[in-house]
Q: 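Structure below; questions to follow.
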Amino acid sequence: MLKIGVFGCGAIGGEICRAIDNGQIEAELYAIYDHHDESLEWVKSSLENFDPQIMEIVEMVREVDLVVECASQQAVYEVVPAALHAKCDVMVVSVGAFVDTQLLEMAENIAREKNCRIYVPSGAICGIDGLISASAAALHSVTLTTEKPPEGLRGAPYVLKNNIDIDSITGRTVLFEGSATEAVQSFPANVNVAATLSLAGIGFDNTRVRIVLNPALTRNIHEIAVEGEFGRFTSRVENVPSPTNPKTSYLAPLSVISTLKKLTQSFNVGT
Ligand SMILES: NC(=O)C1=CN([C@@H]2O[C@H](COP(=O)(O)OP(=O)(O)OC[C@H]3O[C@@H](n4cnc5c(N)ncnc54)[C@H](O)[C@@H]3O)[C@@H](O)[C@H]2O)C=CC1
Ligand SMILES: O=C([O-])CC(=O)C(=O)O
């Protein structure tokens, strides 16, 4: 049975641990880690079948087959090289870290050398399957419009740096327009989806991102528009936010759970 370690026990990590624990994913929840003890206790107390060991990453990668990173972009720098050097596969959720081309190239090189896999789930967006299919021919443009309520954008470095008082905004307001490169650096915990889109499509510098604050919303909306030799498609998802982290949509952990299920099943559907 696949032995999994979960690094980061927040909104996403908690859902993943419970999905393994309740048998939705046929794997063993072998180890968990978080730098906050309360998060570890919160996850452990929600489990009924597994009693995972708490292990720092260096130890975890020696014991498990796959580490799921669901902590932060900063954590990717620690988790990905450690896993790959130990010949351990790794799934990355804080995908925005891969805007750093040195990190991305290093990860790809080690994975190739050690014959390991790096998995990036679709996360909180719909349409990655179509984009991957379309990318087998020329792509002309890829655009993401993310629209969130104030709680979904509060505390982002871009908001703080520009002294934006998001509580004083009363109508739908475009906060940011630019490349995915700038977007994932300015909103590291809000638009990792822009990174996933960039990796699947035309890269960080060419993928356009618009971030909109809308106080009337209760959901996190992501709209994607893709044009290429294949034609054109748009996708729009209206995501229910996670109850424990309003920045994160519930679809994000569901996407990780489904990607993990794919790894353990013999029959798989989709691109
Ligand atoms: N790819 C996608 O579509 C999405 C990606 N994300 C990203 O996934 C990651 C996890 O999201 P959530 O679970 O909602 O966040 P969260 O804030 O609810 O949980 C993250 C947990 O990781 C821990 N953590 C953070 N950095 C750490 C480190 N360096 N070492 C050890 N523990 C660390 C925190 O203590 C916290 O318990 C975030 O980076 C988030 O921005 C979130 C939503 C969608
Ligand atoms: O969960 C979402 O709606 C998207 C998100 O926070 C991210 O991509 O970082």
Side-chain angles (χ1 to χ4, degrees), residues 5-18 31-44 46 54-58 60 67-80 82 91-99 118-128 144-149 151-158 180 183-200 207 209 211-212 214 217-224 236-259:
V6 173
F7 190 98
C9 295
I12 295 179
E15 294 289 347
I16 296 163
C17 289
R18 284 184 287 280
I32 57 174
Y33 184 73
D34 197 291
H35 58 192
H36 286 137
D37 290 344
E38 314 87 74
S39 304
L40 289 164
E41 280 154 27
W42 172 68
V43 164
K44 265 183 165 280
S46 70
I54 296 167
M55 282 182 181
E56 302 232 352
I57 191 65
V58 183
M60 187 188 284
V67 176
V68 184
E69 176 286 322
C70 35
S72 59
Q73 287 190 22
Q74 215 184 350
V76 174
Y77 284 85
E78 193 185 342
V79 172
V80 169
M91 192 171 288
V92 177
V93 183
S94 307
V95 199
F98 287 135
V99 70
I118 304 166
Y119 300 100
V120 174
S122 300
I125 43 173
C126 298
I128 289 294
L144 168 74
T145 303
T146 289
E147 195 168 333
K148 291 193 177 189
E151 288 314 314
L153 295 166
R154 194 179 297 283
Y158 184 89
V184 298
Q185 288 164 342
S186 305
F187 295 85
N190 316 84
V191 289
N192 284 280
V193 289
T196 310
L197 205 59
S198 304
L199 293 167
T207 302
V209 180
I211 299 174
V212 181
N214 186 344
L217 285 181
T218 54
R219 294 190 171 179
N220 296 327
I221 299 175
H222 300 291
E223 266 185 20
I224 292 164
R236 174 184 167 94
V237 57
E238 298 183 11
N239 280 318
V240 173
S242 151
T244 52
N245 183 354
K247 294 192 269 294
T248 290
S249 302
Y250 183 43
L251 188 64
L254 297 182
S255 157
V256 180
I257 291 168
S258 296
T259 309

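Each ligand, and each atom within it, is numbered from 1 in the order the structure gives.
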Q: Quick check: does any side chain N or O of Ser46 sit under 3.5 Å from a backbone N or O of Val43, one acting as donor and the other as acceptor?
A: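 Here the side-chain-to-backbone pair exists.
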Q: Under 4.0 Å from any heavy atom of Lys148, which atoms of ligand 2 are there?
A: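 Listed by number with element, the hits are 2 (C), 3 (O), 4 (C), 5 (C), 6 (O).
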Q: Look at ligand 2 and say whether Ala189 reaches it with a heavy atom at a distance under 4.0 Å.
A: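 Ala189: in contact with ligand 2 (<4.0 Å).
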Q: Give a yes/no on ligand 1: does Asp34 have at least one heavy atom closer than 4.0 angstrom to it?
A: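 The answer is yes, since Asp34 has a heavy atom less than 4.0 Å from ligand 1.
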Q: What part of Leu251, side chain, backbone, both or neither, has a heavy atom within less than 4.0 angstrom of ligand 2?
A: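 For Leu251, no heavy atom sits under 4.0 Å from ligand 2.
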Q: Within the structure, does His35 bring an N/O atom to less than 3.5 angstrom of an N/O atom in ligand 1?
A: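 Yes; the residue has a nitrogen or oxygen that sits under 3.5 Å from a nitrogen or oxygen of the ligand.
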Q: Does only the side chain of Ser39 get under 4.0 Å from ligand 1, or the backbone, or both, or neither? Count heavy atoms.
A: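 The side chain, only.
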Q: Do Phe98 and Val92 have side chains that get closer than 4.5 Å, going by heavy atoms?
A: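 SC-SC contact between Phe98 and Val92 confirmed.
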Q: Against heavy atoms of Val193, which atoms of ligand 1 measure under 4.0 Å?
A: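 Listed by number with element, the hits are 3 (O).
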Q: Just distances here: any N/O of Ser72 and N/O of ligand 1 closer than 3.5 Å?
A: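 Yes, since at least one N or O of Ser72 sits under 3.5 Å from an N or O of ligand 1.
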Q: Can you tell me the protein heavy atom closest to atom 20 (C) of ligand 1 and the distance?
A: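 Of the protein heavy atoms, Ala71 O, 3.6 Å lies nearest.
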Q: Which of the numbered atoms in ligand 2 are below 4.0 angstrom from a heavy atom of His222?
A: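 Those atoms are 2 (C), 3 (O), 4 (C).
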Q: Name the residue from Leu197, Thr146, Ile128 that meets the side chain to side chain contact (heavy atoms under 4.5 Å, CB included) definition with Ile224.
A: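 Going through Leu197, Thr146, Ile128 one by one, the side chain to side chain contact (heavy atoms under 4.5 Å, CB included) with Ile224 is satisfied by Leu197 alone.
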Q: Please write down residue, atom name and distance for the protein heavy atom closest to atom 6 (O) of ligand 2.
A: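 For atom 6 (O) of ligand 2, the nearest protein heavy atom is Lys247 O, 2.9 Å.
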Q: Among all protein heavy atoms, pick the one closest to atom 9 (C) of ligand 1 and tell me residue, atom and distance.
A: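 Closest protein heavy atom to atom 9 (C) of ligand 1: Ser94 OG, 3.4 Å.
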Q: Look at atom 19 (O) of ligand 1 and say which protein heavy atom is nearest, naming residue and atom and giving the distance to 0.1 Å.
A: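 Its nearest protein heavy-atom neighbour is Gly10 CA, 3.2 Å.
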Q: Does Phe7 reach ligand 1 with a nitrogen or oxygen that is under 3.5 Å from one of the ligand's nitrogen or oxygen atoms?
A: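 Checking ligand 1 against Phe7, no N or O pair falls under 3.5 Å apart.
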Q: Side chain, backbone, both or neither: which part of Val93 has a heavy atom under 4.0 Å from ligand 1?
A: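 Both backbone and side chain.
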Q: Looking at ligand 1, would His36 count as a contact under a 4.0 Å heavy-atom criterion?
A: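 Under 4.0 Å: yes for His36.
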Q: If you have a sec, work out which protein heavy atom is nearest atom 29 (N) of ligand 1 and how many Å separate them, to one decimal?
A: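 For atom 29 (N) of ligand 1, the nearest protein heavy atom is Ala75 CB, 3.6 Å.
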Q: Return the residue, atom name and 0.1 Å-rounded distance of the protein heavy atom closest to atom 44 (C) of ligand 1.
A: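 Checked against all protein heavy atoms, atom 44 (C) of ligand 1 sits closest to Ala252 CB, 3.5 Å.
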Q: Counting from 1, what ligand 2 atoms have a heavy atom of Thr248 closer than 4.0 Å?
A: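 Close to Thr248: 1 (O).
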Q: Identify, for atom 41 (O) of ligand 1, the protein heavy atom at the shortest distance, and state residue, atom and that distance.
A: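 Sorting protein heavy atoms by distance from atom 41 (O) of ligand 1 puts Asn192 ND2, 2.9 Å first.
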Q: Mark yes or no for whether Asp34, through its side chain, and Cys9, through its backbone, hold a donor-acceptor pair below 3.5 Å.
A: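 Looks like yes, one N/O pair under 3.5 Å.
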Q: Heavy atoms only: give me the nearest Cys70-Ile16 pair and the separation to one decimal.
A: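 Shortest heavy-atom separation between Cys70 and Ile16 comes out as SG-CD1, 4.0 Å.
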Q: Mark up the atoms of ligand 1 that fall under 4.0 Å of a heavy atom belonging to Gly8, in ascending order.
A: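 It comes down to these atoms of ligand 1: 22 (O).
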Q: Hey, is Ala124 one of the residues with a heavy atom under 4.0 angstrom from ligand 1?
A: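 Judged by the 4.0 Å heavy-atom criterion, Ala124 does count as contacting ligand 1.
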Q: Any idea which protein heavy atom is nearest atom 17 (O) of ligand 1, and the distance to it?
A: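 Nearest neighbour among protein heavy atoms for atom 17 (O) of ligand 1, to 0.1 Å: Asn245 ND2, 3.7 Å.
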Q: Which of the numbered atoms in ligand 1 are under 4.0 angstrom from any heavy atom belonging to Ala189?
A: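 Those of ligand 1 that fall under 4.0 Å from Ala189 are 41 (O).
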Q: Nearest to atom 14 (O) of ligand 1, what protein heavy atom do you find, and at what distance?
A: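 Looking only at protein heavy atoms, the one closest to atom 14 (O) of ligand 1 is Thr248 OG1, 2.6 Å.
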Q: Is it the side chain, the backbone, both or neither of Asn190 that has a heavy atom closer than 4.0 Å to ligand 2?
A: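 Just the backbone.
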Q: Does Glu151 reach the main-chain N or O of Leu153 with its side chain, forming a donor-acceptor pair under 3.5 Å?
A: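 It does not hold such a pair.
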Q: Compute the shortest N/O to N/O distance between Asn190 and ligand 1 and return yes if it is under 3.5 Å, no if not.
A: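 No; every N/O pair is 3.5 Å or more apart.
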Q: Is it true that atom OH of Tyr250 has more than 12 heavy atoms of other residues, nucleotides or ligands lying nearer than 6.0 Å?
A: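 Open.
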Q: Is there a polar contact between ligand 2 and Ala124, counting only N or O atoms under 3.5 Å apart?
A: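 No.
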Q: Does the side chain of Ser122 come within less than 4.5 Å of Ser255's, by heavy atoms?
A: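 Yes, their side chains come closer than 4.5 Å.
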Q: Shortest non-hydrogen contact from Ser94 to Gln73?
A: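 Closest pair (atom of Ser94, atom of Gln73, distance): CB-N, 3.6 Å.
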Q: Between Ile32 and Lys44, does the side chain to side chain contact (heavy atoms under 4.5 Å, CB included) criterion hold? Intermediate values first, please.
A: CA-CA 9 Å; Ile32 57 174; Lys44 265 183 165 280; 4.1 Å; yes
Q: Pick one of side chain, backbone, both or neither for how Ile12 approaches ligand 1, counting any non-hydrogen atom pair under 4.0 Å.
A: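 Both the backbone and the side chain of Ile12 come within reach of ligand 1.
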Q: Note the single closest protein heavy atom to atom 1 (O) of ligand 2, along with its residue, its atom name and the distance in Å.
A: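 That would be Ser249 N, 2.7 Å.
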Q: Looking only at atom types and distance, does a side-chain atom of Asn192 sit under 3.5 Å from a main-chain N or O of Val95, one as donor and one as acceptor?
A: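 Side chain of Asn192 to backbone of Val95: a pair is present.
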